[in-house]
Amino acid sequence: MDANEVPQEGNTTLGGQRKAMYARGADGHIGIVPSRGWEAEEIVTLQAVEELERLAADAHRRVSAGTASALEYHMYKARMDVTLLSQVSGIWAWRVRRHLRPEIFARLRPALLARYAEALGMRVDQLKRMD
Amino acid sequence: MQHTRTSIQALRPFHHQHASHCESGVMSAIVRHYGLPLSEPMALGLSSALSFAYLPFIKLGGLPLVAYRMPPRAIIRGLQKPLGLTMRTETFRTAAKGQARLDALLDDGKVVGLQTSVFWLPYFPENLRFHFNAHNVLAYGRDGANGDYLLSDPVFEEPVRCAAPDLARARFARGVLAPKGLLYYPDNRPTEPDWHKVIPAAIRKTVRIMLRTPVPLIGVRGIERVARAVERLPTGDKVPQSKLFVGHLVRMQEEIGTGGGGFRYMYASFLEEAAAHCTRPALGELAGELVEIGDSWREFALAAARMIRDRDPFDPGRLAGLLRGQGAREKDFFGRLERALA
């Protein structure tokens, strides 16, 4: 790639930052050229973000319908899944899965709620409701 | 006076430099700070960090691990031998101990490499904050007034700041590749190596990894294995899931600070520099070929992105064909790179 071919398409996911790309400059040497982003890159980043948002929105619907606990919503909202939440909180995955059921989540001990809140970076009262 | 282990000082204040990749950016900055000019591509090449790996049994967010480079910490470790550098690494049980140690090192005038989770770094753009635990930044000071850490995050154009609680959170994130507060700094000054020795040795190691790793998931055979996985992706109502897999490949190749073309351009830059350092013009010609291989990685990325957005019909067979072509090109390329050193 030549320096003048480095994409400057204004990828929104970069938040106004430029990223360093390596390309062949006018002097014939390969070096850093700052890039405002490439559409192909933006497409795959947004694809990943939208998938996480879709999971959170689905969970939001289930929580409102009373078939899932608020924990599931906050888990996806924090861009996690059961595996990751289990690793971060140190709570077995099968228990995390159980705690996604609203009737079981409603009876959770404060100590467990505190571990989930800590793992998700929020307060316990925030964890129990959806925003 | 005898220098004690923690007393090496830099000759000038820290200077931030924009880089493509976090680990090569941090390590080249550390080496430069302590007196040896070293480019980011040279850090990548000398530590033999270019690679390809497809590890379907390690899942990140439900998707297999794909990497265009060696595992995290390969550059930190790999620069020690060629540059006669001794890196100290420390991890901590608690965030409080980790922060106290960082402060002590900064007070001592050191610059300190840190492993962090991107998700908990507030200065990152929202859409790039995923749970990736092996992001490297360099701490070079602390604001006396509000306690913010002054960070050189190589993938940003300018130095950044981070509040102490946020940095603690990012350093002590848990999960896959948990940093456990990892910090690292050099124990001595790097020395200028005999380029005629260290460069061929580093290139030979990369050739070995790409062509002769005894596991069919690493190097050229890993590329072929990914091609096969893409070919077998289900279509029909499973298309969204299949597209996530393809998009994930492209993200690892382009979005995750690689300098484009999955580090291939950066390695080409290394080869060009290597050609000059050890007077082997053949390496310069091979650098040009590797740029073209990088270009075809970008063509794969573009084809995949167009299919993800339905501008082209989703055709796993075509993407697999492009990947197979990359495997064949790299097999030929690294074979000739090896012969060029003979």
Could you walk me through whether B/Lys243 and A/Glu50 satisfy the salt bridge (charged side-chain N to carboxylate O under 4.0 Å, His left out) test, starting with their C-alpha distance in whole Å, then the side-chain angles of each, then the deciding distance to 0.1 Å, before giving a yes or no? CA-CA 13 Å; B/Lys243 280 181 176 175; A/Glu50 281 160 13; over 6 Å; no
Stepwise, does the side chain to side chain contact (heavy atoms under 4.5 Å, CB included) test hold for B/Arg311 with A/Ile43? CA-CA 12 Å; B/Arg311 291 183 200 157; A/Ile43 288 171; 4.1 Å; yes
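Of the residues considered (A/Ser35, A/Gly121, A/Gly90, A/Ser86), A/Gly121 shows the highest number of contacts with chain B, using heavy-atom pairs under 4.5 Å. Among B/His18, B/Arg298, B/Glu255, B/Met266, the residue with the largest count of heavy-atom pairs under 4.5 Å with chain A is B/Arg298. With respect to chain A, the highest number of heavy-atom pairs below 4.5 Å among B/Ala287, B/Ala173, B/Ala19, B/Gly294 belongs to B/Ala19. Highest contact tally toward chain A, considering only B/Val291, B/Val155, B/Val246, B/Thr258, is held by B/Val291 [criterion: heavy-atom pairs under 4.5 Å]. Interface check for chain A: of the options B/Arg169, B/His21, B/Glu40, the most heavy-atom pairs under 4.5 Å are formed by B/Arg169. Comparing B/Glu254, B/Glu157, B/Gln253 by how many heavy-atom pairs each has under 4.5 Å with chain A, the most go to B/Glu157. Listed options B/Arg306, B/Glu158, B/Arg309 were ranked by heavy-atom pairs under 4.5 angstrom with chain A; first place goes to B/Arg309.
Looking at A/Glu51 and B/Leu244, their side chains come closer than 4.5 Å, going by heavy atoms from C-beta outward. Taking the side chain as every heavy atom from C-beta outward, A/Gln87 and B/Arg174 never approach each other to under 4.5 Å.
With a threshold of 4.5 angstrom between heavy atoms, B/Pro154 does not approach chain A through any atom at all.
With rounding to the nearest 0.5 Å, the separation of CG in B/Leu60 from CG in A/Asp81 is 9.5 Å.
Contacts between residues 1-33 of chain A and chain B, defined by a heavy-atom separation under 4.5 Å, are made by A/Met1, A/Pro7, A/Thr13, A/Leu14, A/Gly15, A/Gln17, A/Arg18, A/Lys19, A/Ala20, A/Met21, A/Tyr22, A/Arg24, A/Gly28, A/His29, A/Ile30, A/Ile32. Contacts with chain B (heavy atom to heavy atom, under 4.5 Å) involve no residue of residues 57-73 of chain A. Within residues 95-119 of chain A, the residues having any heavy atom closer than 4.5 Å to a heavy atom of chain B are A/Glu118, A/Ala119, listed by residue number. Contact annotation for residues 122-134 of chain B against chain A (heavy-atom separation below 4.5 Å, listed by residue number): B/Pro125, B/Glu126, B/Asn127, B/Leu128, B/Arg129, B/Phe130, B/His131.
The pair A/Glu42-B/Arg251 does not count as a salt bridge, with every side-chain nitrogen at least 4.0 angstrom from each carboxylate oxygen.
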